[in-house]
There are 2 protein chains.
Amino acid sequence: MKHKTFENMQCPLARGLERVGDWWNILILRDAFYGLKRFDEFQESLGIATSTLTRRLDDMVASGMLERRLYCERPPRHEYVVTDLARDFRPVMLAMLAWGNRHFAPEGRSVELTDADTGVALDPIVVDRTTGRPLTRVKVVAGPAAGDALRRRFARMDRVA
Amino acid sequence: MKHKTFENMQCPLARGLERVGDWWNILILRDAFYGLKRFDEFQESLGIATSTLTRRLDDMVASGMLERRLYCERPPRHEYVVTDLARDFRPVMLAMLAWGNRHFAPEGRSVELTDADTGVALDPIVVDRTTGRPLTRVKVVAGPAAGDALRRRFARMDRVA
DNA sequence: CGACTCACTTGCATTATGAAAGTTAATTTG
DNA sequence: CAAATTAACTTTCATAATGCAAGTGAGTCG
């Protein structure tokens, strides 16, 4: 894309996509959660072009998803570590992974999630925080900070998908 | 990207990104859930170039996220409707939206989620299906269908992110 | 001194996207 | 019945993103 920015959009989904709307960004994040930190580690793991990796890492540092840290003074060596913002996104990634497991693993699961302490298998689902019930029949409505344009949008598309 | 495919990768996250790894695809999906169906509706709502919209819609139809249906014989008119596969992805999108609301709405929420029947506010979180507990200390491990390459990967990166 | 490592940068070719205009079939308007 | 309109594109051209390969520079190791 021609560096179109969604920051001006009010939609929180669009604003989020500013940070994670690129597959490379998500795969980098996946590897960062696995524990990868260094430029070369990401490069080898992902098979990404170095020029692209430089851009993607810079983007993610700029958008607050990664922090670039000097972990060795001499010689100067950097590592990229996930921020709190990125850590808060991890459950979303795990839900996405579970979706992939449900639909795109015809030959069986090659990846599974377990509790790090007990080893018990985990199956991520999305529920409402207070009721604990799965999200069915959700309606998206304008919030208090919605502008006129967005309100008109919702007025036109009053629908439960 | 030079149409690199992640289909050959075993990672279910990468395979999922094949379908939703593009921001346009996710925004099209968002609008489809809002009830938009026709080419022009998407075009106007998203401000996307028509040539790009054609490609994105074709992609999403090919990958099973949308179904192209003839809803009028004469004149021939088509609509794009979400498939079951896409509907199953919706909770993930809602979790992503909630993440956006938490972090990228400094001026307050412009979008909120409610129960379509009761109108009560909803707050999507990701939990384990059986315990109902939030996903903390999750470990990603090789599943039964994992190949050697993937197993070696996990052996090297034995870590709880 | 030379080889090696990390973290890039540069150059060139290919692909994706944007913007704007044109196309086609059918329907509505005057 | 000609003219305008609508839906759903296609085409063209310029720009931006990405891949691939090679090179760079600082510092360390032997």
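Chain A is the first sequence line, chain B the second, and so forth, proteins listed ahead of strands; every chain is numbered from 1.
Remark: C1' of C:dA16 and CG of B:Asp58 are 15 Å apart, rounded to the nearest angstrom. B:Trp23 has its CH2 atom 13 Å from the C1' atom of C:dG18, to the nearest Å. As a whole-Å value, the separation of A:Arg77 CZ from D:dA26 C1' is 8 Å. Residue B:Ile48 contributes atom CD1, which lies 15 Å from atom P of D:dA8 at whole-angstrom precision. Between the C1' atom of D:dA26 and the CZ atom of A:Phe39 lies a distance of 16 Å, rounded to the nearest Å. Here D:dA8 presents its C1' atom at 16 Å from CG of B:Leu36, a figure rounded to the nearest Å. One can place CD of A:Glu44 at 17 Å from C1' of D:dC20, the figure rounded to the nearest angstrom.
Remark: B:Arg77 is not positioned above the aromatic ring of B:Phe39, lacking an NZ or CZ atom under 6.0 angstrom from the ring centre and at most 45 degrees off the axis. The side-chain tip of B:Arg90 points at the ring of B:Phe33 from less than 6.0 angstrom away and within 45° of straight on. A:Phe104 carries B:Arg19 over the face of its six-membered ring, with the cationic atom under 6.0 Å from the centre and within 45° of the normal.
Of the side-chain N and O atoms in A:Arg55, none sit less than 4.0 angstrom from OP1 or OP2 of C:dA7. For the OP1/OP2 pair of D:dG19 and a distance below 4.0 Å, the side-chain nitrogens and oxygens of A:Trp24 include at least one atom meeting the criterion. Between B:Thr52 and C:dG18, a side-chain N or O to OP1/OP2 separation shorter than 4.0 Å is present.
Applying the salt bridge (charged side-chain N to carboxylate O under 4.0 Å, His left out) test to B:Asp88 and every residue at least two apart in sequence or in another chain returns A:Arg102.
In this structure, of D:dT6, D:dC20, C:dA7, it is D:dC20 that holds the atom nearest to the side chain of A:Ser51. Side-chain atoms of B:Ala49 lie closest to C:dA19 of the nucleotides C:dA19, D:dC9, C:dA7.
Identified under the side-chain hydrogen bond (donor to acceptor under 3.5 Å, both in side chains) test for residues 108-121 of chain A, with sequence neighbours left out: A:Asp117-B:Arg137.
Counting non-hydrogen atoms under 4.0 angstrom, A:Tyr80 reaches the backbone sugars and phosphates but no base. Counting non-hydrogen atoms under 4.0 angstrom, B:Arg38 reaches the backbone sugars and phosphates but no base.
A donor and an acceptor atom never sit less than 3.5 Å apart when one is taken from the side chain of A:Thr50 and the other from the base of D:dC20. Between the side chain of B:Thr54 and the base of D:dT10, no donor-acceptor pair of N or O atoms lies under 3.5 Å.
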